[in-house]
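One structure is given here, and the rest of the page talks about it.
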Protein chains: 2
Amino acid sequence: MYADTIMKKTYSEENYLKAIYHIDQNGLKVSPKAIAAALDNNPASVIDMIKKLQEKLLISYDKVKGAKLTASGQASALDIIRKHRLWEVFLVEKLGYDWDEVHDIAEQLEHIQDDRLAAKLDAFLGNPSFDPHGDPIPAENGKMPVYANIRLSDLEVGNKGKVGSVRDTSTPFLKYLKQLQLGLGSSIEVLDKLEFDQSMIISINSGPAQTVSSKMTSNILLIPG
Amino acid sequence: MYADTIMKKTYSEENYLKAIYHIDQNGLKVSPKAIAAALDNNPASVIDMIKKLQEKLLISYDKVKGAKLTASGQASALDIIRKHRLWEVFLVEKLGYDWDEVHDIAEQLEHIQDDRLAAKLDAFLGNPSFDPHGDPIPAENGKMPVYANIRLSDLEVGNKGKVGSVRDTSTPFLKYLKQLQLGLGSSIEVLDKLEFDQSMIISINSGPAQTVSSKMTSNILLIPG
DNA sequence: TTTATTAATTAGGTTAATCTAATTATATAT
DNA sequence: ATATATAATTAGATTAACCTAATTAATAAA
Ligand SMILES: [Mn+2]
Ligand SMILES: [Mn+2]
Ligand SMILES: [Mn+2]
Ligand SMILES: [Mn+2]
């Protein structure tokens, strides 16, 4: 067995790599606690897996810096994310699911193993750049399509933007957006921002003023202008 | 917890149910040995799982009669087989795989859990009745499309038939068929049959005479005439 | 700087699904 | 009917991925 042998990864290992990638992407320290929260399991379990992933040279870890994906760990993570997002496109575009229904199914589909599957799916879908939530789909080589996004929560009063993606893909959140009639491409204008709790009064597609919480606004990413 | 509660099945339980269904379908006794052979594992492991499936009321078992699916066990098995075959159609028709490449991928995809997935996939594919190997796709209610098939090995000398399905979907077998330029719909005429080892001399699509083994001819199912 | 709080880690289990090596039961052949 | 072979079953381990309950280390508050 050689160091650079591509070892088949388990379901669980793949989910850890993806979680580590996402926590890091959010600029947070990749601690056992953070990983456990992301995977809804126990920090003690995470420590076990950290040791395994270190041995497989997929991550490095030290207590103070947290976990870091190695080059091969990152390649794996991006491959899984790529498959996740491609399958989400398939479920919405081809099977007619709503964007708030596909996450859990893609969470399973992302683990299907076949060398040519992602490429064939990608071609079949017309090489999409973004998934149904506006998240960029990594290319086969791991390159991400660039997409300038700023948080709605960071937009100044009086400014406008178009919804480019959402940072929370949970069903409750997406149902809430549906109820607000807010989707990808919706235009949003910030009418006011309350000092008190950072909630905002906004207009969606020039509609009536609506109040939304800071939790909501921090999960919406916009293309400014 | 009630007796008729639909319990989520594990990957492994689903594979056992499918194996039991197929062994029974072939008219064989569903013994621990037969199941172990089908799943490429150990009879001792099979005994453990037999106990579990009995407790879940998915099968009955006795040493002399072997394992038998209960109504709910059979419904589960047919649901998995339905998904397996629908995904095979998807892989061939939509993603452009060859029929000899899809079995292992479908073996994974059949386990994806979502209440509406099979129905949506079925609709997207145009409600196919047969998979790429000619095997019937059970309907949502478990009904199988009927399709008269006889083994090539049972065809008399001088008679003809069209290939309706194959009973072995392994890559080596399908590669061999591809090499013979034999596919679903090919017409076959039996030119001769050797008493010695039951091998046959056949003509495929009116092509040159070719000799094929009894192992081969027992795995080809034909529509006679 | 002690103290209190929170995070990381260790120790020791559990469960599902597998295994190998007996052992017991059944079937086959002499 | 006895011996031989094969199949079924039991017993006891192993591995992956979890867990809870302690313990140790690091941070934050007083
Ligand atoms: Mn997943
Ligand atoms: Mn997504
Ligand atoms: Mn399977
Ligand atoms: Mn098939």
Side-chain angles (χ1 to χ4, degrees), chain A residues 1 5-20 23-24 26-68 73 76-77 80 107-108 110-111 113, chain B residues 1 7-20 23-24 26-68 73 76-77 80 107-108 110-111 113:
Chain A
M1 188 108 37
T5 300
I6 293 160
M7 292 291 300
K8 213 192 122 202
K9 282 155 212 83
T10 65
Y11 252 62
S12 200
E13 287 169 2
E14 292 191 338
N15 285 335
Y16 273 88
L17 292 174
K18 199 158 58 95
I20 291 167
I23 293 164
D24 186 62
N26 283 11
L28 301 170
K29 178 179 157 187
V30 187
S31 61
K33 182 184 153 80
I35 297 171
L39 296 176
D40 194 25
N41 67 7
N42 191 293
S45 311
V46 172
I47 298 274
D48 287 347
M49 184 61 88
I50 281 175
K51 285 172 187 159
K52 207 208 314 187
L53 295 176
Q54 269 182 301
E55 268 164 28
K56 293 192 171 192
L57 305 177
L58 294 165
I59 65 168
S60 60
Y61 177 68
D62 86 44
K63 195 190 310 225
V64 39
K65 306 187 80 176
K68 259 309 247 176
S76 292
I80 301 154
E107 202 59 47
Q108 303 172 60
E110 70 191 1
H111 303 291
Q113 305 275 1
Chain B
M1 187 113 31
M7 293 290 301
K8 213 192 123 203
K9 282 155 213 84
T10 65
Y11 222 83
S12 198
E13 286 169 1
E14 293 191 338
N15 285 336
Y16 273 88
L17 292 174
K18 199 159 57 97
I20 291 168
I23 294 164
D24 185 63
N26 283 10
L28 302 171
K29 177 178 156 187
V30 187
S31 61
K33 182 183 152 79
I35 298 172
L39 296 175
D40 194 24
N41 68 5
N42 192 295
S45 312
V46 173
I47 297 273
D48 287 346
M49 183 61 88
I50 281 176
K51 286 174 187 157
K52 206 204 321 181
L53 296 175
Q54 269 181 301
E55 269 163 26
K56 294 193 172 193
L57 306 178
L58 294 165
I59 65 168
S60 61
Y61 177 69
D62 85 45
K63 197 191 307 228
V64 39
K65 306 187 79 176
K68 257 313 245 174
S76 292
I80 300 153
E107 203 58 48
Q108 303 171 60
E110 69 191 2
H111 304 290
Q113 305 276 1

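Each chain gets a letter, A, B and so on, in the order its sequence line appears, and its residues count up from 1.
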So [X], base contact, sugar-phosphate only, or nothing? Heavy-atom distance under 4.0 Å.
X     : value
B:P43 : base
B:Y61 : sugar-phosphate
A:S12 : sugar-phosphate

Rounded to whole angstrom units, what separation is found between the [atom1] atom of [X] and the [atom2] atom of [N]?
X     : N      : atom1 : atom2 : answer
A:I35 : D:dC18 : CD1   : P     : 12 Å
A:N41 : D:dT20 : CG    : C1'   : 14 Å
B:K33 : D:dT6  : NZ    : P     : 9 Å
A:D62 : D:dA25 : CG    : P     : 16 Å
A:N15 : D:dA16 : CG    : C1'   : 14 Å

Exercise for the section: List in numerical order all residues of residues 46-54 of chain A for which some heavy atom is under 4.0 Å away from an atom belonging to DNA chain D. Expected result: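 Here the set is A:D48, A:M49, A:K52.
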Exercise for the section: Over all heavy atoms of both residues, which pair between B:H111 and A:Q108 is shortest? Give the atoms and the distance, please. Expected result: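 Of all heavy-atom pairs spanning B:H111 and A:Q108, the closest is O-OE1, 4.1 Å.
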Problem - Exercise: identify the closest heavy-atom pair between B:K9 and B:S76 - result: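 Scanning both residues, the minimum pair turns out to be CE-OG, 3.1 Å.
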Exercise for the section: Sort and list the pairs that fulfil side chain to side chain donor-acceptor pair (under 3.5 Å) and have at least one residue in residues 35-47 of chain B, not counting sequence neighbours. Expected result: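 As it turns out, the side chain to side chain donor-acceptor pair (under 3.5 Å) pairs with a partner in residues 35-47 of chain B, which skip direct neighbours, are B:Y16-B:N41.
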